[in-house]
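Below you'll find the structure, written out as structure tokens, and then a few comments.
In this text, all values refer to a predicted model and were calculated from it rather than measured experimentally. For the numbers below, each heavy atom of this structure counts, side chains included, while hydrogens, waters and symmetry mates do not.
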Amino acid sequence: MSVKIYNTLKRKKEVFQPIEPGHIKLYVCGITSYDYCHIGHARSALAFDMIVRYFRYLGNKVTYIRNFTDIDDKIIARAAEQNCSSKELANRFIDEFYVDMDKLGVDRPTMEPKATEHIQEMVDLIAELIEKDMAYPSQGDVYYRVGSFPGYGKLSGRKLEDMQAGARIQINENKDDPMDFVLWKASKPGEPSWESPWGAGRPGWHIECSAMSRKYLGDTFDIHGGGQDLIFPHHENELAQSEAANDKPYVNLWIHHGFVTIRDEKMSKSLGNFLTIRDILEHYHPEVLRFFIFSTQYRNPLDFSEAAMQQAMTGLDRLYECLAAVESLPAGTVSDDAEQIASAKDIKKLEEIEDRFQKAMNNDFNTALAQGILFESVKVMNKIRRQAAETLNATDYELLTKSAQTITKLAAIMGILQENPKTYLAAKKSAMLAEIDISEEEIQNLITERNQARNDKNWARSDEIRDQLLKHNIELKDSAEGTGWIIKKG
RNA sequence: GGCGGCGUAGCCAAGCGGCUAAGGCACUGGUCUGCAAAACCAUGAUUCAACGGUUCAAAUCCGUUCGCCGCCUCCA
């Protein structure tokens, strides 16, 4: 296996080699649980879900840690608003997070440590940093001495001088240097707090990931991931803490995914342009959201819009329809006498699906290309299916059913095409039917009447019925097997 | 101001120095159909924001300009 991944630290793609062959250790920054998750969180969870699935598909063991930040300023503030404890609030939104993740079919990480359950590890780590004079207590707080870490800025590509010139750092008299960041915060009255050698307080944000990743993955591990907005300061600071404490490289490869945007602007609470996962799932099947998210390579920005979701839905339906059609092929009609439809080129193309798919994924998880390969395959399959007569050549039949299996297997890495194709299409139909003012029975009756009219060559009546149904957004599809219908998208 | 990313057909999106610039959606023409729809087939960028440069060869590398976005403060 040779997977090339873009490494933020090196600013280029490199061939990934786990420290322990066949066992990949991955840490991803999870959510701060104080609200419902939006599509950006979905992209993060889905991107790493896909990456983990792909590594496992290649035969690796993956130890995947994703934390919960369940104590921080926003949680405290929100809990105060809602008259509950920080713990209650955080746990409530962790539960809500799981509701969303389960709907999206996101596999659970190996472990999901919570910050509040690892205070001792953080205190220990801070003590080590003080011991090395990389950190210092001040008025109940503890700060990291940024200037004493020579590599500071190497992940985000910044120089300390440039950052100071930015001068957007708030003045804090407790700090020796304005760039120093907090490891431990003295608690104010009424705030949640834990005992420490420096007095009652709570951990800073960055220290939790350093402490938890060390506990579960060791001093140096393979991959650390998160959104691009975490590169600075969060990951830069984590790196500084861990490398100073452990005297070892922290992480070999950093993966950062791009944002979800709306009208080309970052989704954020302050702009008020965010959509929650559950908002989306109210209107779309989870696989449509997955399909949409994987239609762009994970590092590029992804612009959300209704039109884009509709397009994703149309594409996904197309794939499902092909699979459903292959599933419907009656095995009994296979005959060696039937002419073979598939050309040598078609056969080659379909036999190479998996290789091409892997090649795409090996190039920094290029799911957009991978989806393209699925579409190309479906195109070939549809052609064979379309041209096949009443009886199907055994070679063609084999080819179609095998290809469908391969497609289903590969699509599982992106978490799409995992439902039974007929069930998916039927469920979709009934869901849409619920939004339309006509019952399935009425439709069926009208179709029967229309077919009678067609038999009588009463085209006027036949078209009248078709138009009538069209007014209800029902579109008819005549085929050799009879008349089917779909609901047109409004 | 500092750092980084992006700009490919109407829209979305691959491409990472050299085969005809993937694929999807939409459009148009054809096959099919009583007519449609669906499906299938066919069609579209002599060109990759602009201008220079490197190279036998560039959408791909370098420089300049224009436009958009992100980070530098909590953030997926």
Side-chain angles (χ1 to χ4, degrees), chain A residues 4 8 11-13 28-32 34 37-48 69 72-74 77 153 156-159 161-170 205 225-234 236 256-261 264-270 274 291-292 295-297 299-303 305 307-308 310-316 318-319 321-322 325 356 360 363-364 366-379 382-387 454 457-460 462-463 466-467 470 474-480 483-486 488:
Chain A
K4 278 171 87 179
T8 307
R11 280 171 200 77
K12 63 173 193 217
K13 282 186 208 172
V28 173
C29 292
I31 58 159
T32 298
Y34 72 103
C37 288
H38 57 60
I39 319 174
H41 297 113
R43 187 179 197 189
S44 177
L46 290 174
F48 290 106
T69 297
D72 98 318
D73 290 345
K74 284 193 296 285
S156 55
R158 288 152 214 262
K159 297 192 188 81
E161 311 88 73
D162 296 340
M163 286 189 267
Q164 282 158 338
R168 275 170 86 177
I169 306 125
Q170 74 259 47
W205 178 33
Q228 282 172 355
D229 49 355
L230 297 184
I231 296 172
F232 190 89
H234 186 52
E236 191 71 68
H256 292 99
H257 66 262
F259 300 123
V260 178
T261 60
D264 293 325
E265 275 185 325
K266 182 181 171 183
M267 209 186 284
S268 77
K269 307 241 156 156
S270 51
F274 67 94
F291 186 93
F292 165 68
S295 67
T296 297
Q297 204 265 354
R299 281 189 292 121
N300 293 135
L302 176 64
D303 199 52
S305 68
Q310 287 291 343
Q311 191 181 311
M313 187 164 75
T314 308
L316 186 65
R318 182 175 154 85
L319 298 178
E321 271 157 19
C322 173
R356 296 176 64 214
N363 187 6
D364 205 17
N366 194 336
T367 51
L369 221 199
Q371 286 187 350
I373 290 161
L374 298 184
F375 277 110
E376 282 182 53
S377 311
V378 161
K379 189 174 188 168
N382 282 341
K383 192 181 81 185
I384 296 169
R385 204 165 49 71
R386 160 79 182 172
Q387 287 177 11
R454 292 176 74 209
K457 300 207 187 299
N458 183 353
W459 308 127
S462 163
D463 290 352
R466 188 170 64 202
D467 290 345
L470 203 55
I474 304 292
E475 216 162 52
L476 297 179
K477 296 161 78 167
D478 294 324
S479 73
T483 302
W485 54 272
I486 57 161
K488 263 178 68 175

Q. Between the base of B:C35 and the side chain of A:R466, is there any donor-acceptor pair under 3.5 Å?
A. yes
Q. What is the base-pairing partner of B:G10, counting Watson-Crick and G-U wobble geometry with both distances under 3.5 Å?
A. B:C25
Q. Using the ring of each side chain (for Trp, its six-membered ring), is A:F274 parallel, tilted or perpendicular to A:H38, with breaks at 30° and 60°?
A. tilted
Q: Provide, to the nearest angstrom, the distance between the NZ atom belonging to A:K383 and the P atom belonging to B:A42.
A: 8 Å
Q) Quantified in whole Å, what is the C1' atom distance between nucleotide B:C32 and nucleotide B:U20? A) 30 Å
Q. When you check the gap from the basic side-chain N to the acidic O, do A:R158 and A:E236 get nearer than 4.0 Å?
A. no
Q: Looking at every strand, decide which applies to A:R158 at a 4.0 Å heavy-atom threshold: base, sugar-phosphate, or nothing.
A: base
Q: Look at the side chain of A:H41 and decide which nucleotide, out of B:A76, B:C35, B:C40, has an atom nearest to it.
A: B:A76
Q. Looking across every strand, which nucleic acid part, if any, lies under 4.0 Å from A:H257 by heavy atom: base, sugar-phosphate, or nothing?
A. base
Q: Please work out if A:H234 contacts a base, only the sugar-phosphate, or nothing of the nucleic acid, heavy-atom cut-off 4.0 Å.
A: nothing
Q. C1' atom, B:A59 versus B:C51: distance in rounded Å?
A. 16 Å
Q: Check for a donor-acceptor pair, side chain of A:T367 on one end and backbone N or O of A:A370 on the other, with a separation under 3.5 Å.
A: no
Q. Which nucleotide sits closest to the side chain of A:E265: B:A39, B:C74, B:G70?
A. B:G70
Q.
Suppose you measure atom C1' in B:U8 against the same atom in B:G24; what distance do you get, rounded to whole Å?
A. 15 Å
Q: Give a yes or no on whether a donor-acceptor pair under 3.5 Å exists between the nucleobase atoms of B:A36, that is its base, and the side chain of A:D478.
A: yes
Q) Looking at A:K477, does any N or O in its side chain come under 4.0 Å of the phosphate oxygens OP1/OP2 on B:U33? A) no
Q: Find the distance between CG (A:L319) and OG1 (A:T314) and round it off to the nearest 0.5 Å.
A: 11.0 Å
Q. Roughly, in whole Å, what's the span from CG in A:D264 to C1' in B:G67?
A. 12 Å
Q) Yes or no on side chain to side chain donor-acceptor pair (under 3.5 Å) for A:D72 and A:T32, after CA distance, side-chain angles and deciding distance? A) CA-CA 8 Å; A:D72 98 318; A:T32 298; 4.8 Å; no
Q.
Pick the closest RNA chain B nucleotide for A:G157 and for A:L476 by heavy atoms, then say which residue is nearer the 5' end.
A. A:G157
(Q) Could you tell me the Watson-Crick or G-U partner of B:U64, where both distances fall under 3.5 Å? Say none if there is no partner. (A) B:A50
(Q) If I pick the C1' atom on B:A58 and the same atom on B:G15, what distance separates them, to the nearest angstrom? (A) 13 Å
Q.
Rounded at 0.5 Å granularity, tell me how far CZ in A:F259 sits from CD in A:Q228.
A. 5.5 Å
**Q.** 5'-most by nearest nucleotide on RNA chain B - A:Q387 or A:G258
**A.** A:Q387
Q) Does B:U43 have a Watson-Crick or wobble mate here (both distances under 3.5 Å), and if so which one? A) none
Q) What string of B, S and - do you get for nucleotides 13-24 of chain B, 5' to 3', when a contact is any protein heavy atom under 4.0 Å? A) SSSB-----BSB
(Q) Suppose you measure atom P in B:G7 against the same atom in B:C12; what distance do you get, rounded to whole Å? (A) 12 Å
Q: Starting at atom CG of A:L319, determine the distance to atom P of B:A39, rounded to an integer number of angstrom.
A: 12 Å
Q) Which part of the nucleic acid, if any, lies within contact of A:S462, taking any heavy atom under 4.0 Å across all strands shown: a base, the sugar-phosphate backbone alone, or nothing? A) base
Q | Side-chain donor/acceptor of A:N363 to backbone N/O of A:N366, under 3.5 Å | A | no
Q) With a 4.0 Å cut-off on heavy atoms, is A:L374 in touch with a base, just the backbone sugar-phosphate, or nothing at all? A) nothing
Q: Any strand is fair game: report the nucleotide pairing with B:C19 by Watson-Crick or G-U wobble, both distances under 3.5 Å, or none.
A: none
Q | Between P of B:C3 and CD1 of A:I231, the distance in whole Å | A | 16 Å
Q. Is it true that a side-chain atom of A:R43 and a backbone atom of A:G258 form a donor plus acceptor pair closer than 3.5 Å?
A. yes
Q) When the C1' atoms of B:C61 and B:C72 are considered, how many whole Å apart are they? A) 29 Å
Q.
With rounding to the closest Å, how many angstrom separate the C1' atoms on B:G53 and B:A21?
A. 23 Å
Q) Taking the side chain from A:Q371 and the backbone from A:F292, do they hold a donor-acceptor pair closer than 3.5 Å? A) no
Q. Can you check the A:F259 CZ to B:C6 C1' distance for me, whole Å?
A. 14 Å
Q.
Working to the nearest 0.5 angstrom, can you tell me the gap between A:S156 OG and A:I231 CD1?
A. 8.0 Å
Q.
Considering every strand and a 4.0 Å limit on heavy-atom distances, what is the contact class for A:N382: base, sugar-phosphate, or nothing?
A. sugar-phosphate
Q: Answer with base, sugar-phosphate or nothing: what part of the nucleic acid does A:K266 contact at a heavy-atom distance below 4.0 Å?
A: base
Q: Mind calculating the distance between CZ (A:F232) and P (B:G70) to the nearest angstrom?
A: 18 Å
Q. Now, which nucleotide makes the Watson-Crick or G-U wobble pair with B:G4, with each of the two distances under 3.5 Å?
A. B:C69
Q. Under 3.5 Å, is there a donor-acceptor pair between the side chain of A:H257 and the main chain of A:G226?
A. yes
Q: Can you tell me, in whole Å, how much space there is between the P of B:G52 and that of B:A42?
A: 39 Å
Q) Heavy atoms under 4.0 Å, any strand shown: does A:G40 hit a base, just sugar-phosphate, or nothing? A) base
**Q.** B:A59: pairing nucleotide in any strand, Watson-Crick or G-U under 3.5 angstrom
**A.** none
Q. Which part of the nucleic acid, if any, lies within reach of A:V260 when heavy atoms closer than 4.0 Å are counted: base, sugar-phosphate only, or nothing?
A. base
Q: Can you tell me the distance, in whole Å, between the CZ atom of A:R11 and the C1' atom of B:C3?
A: 9 Å
Q.
In whole Å, I'd like the distance from the OH atom of A:Y34 to the P atom of B:C74.
A. 12 Å
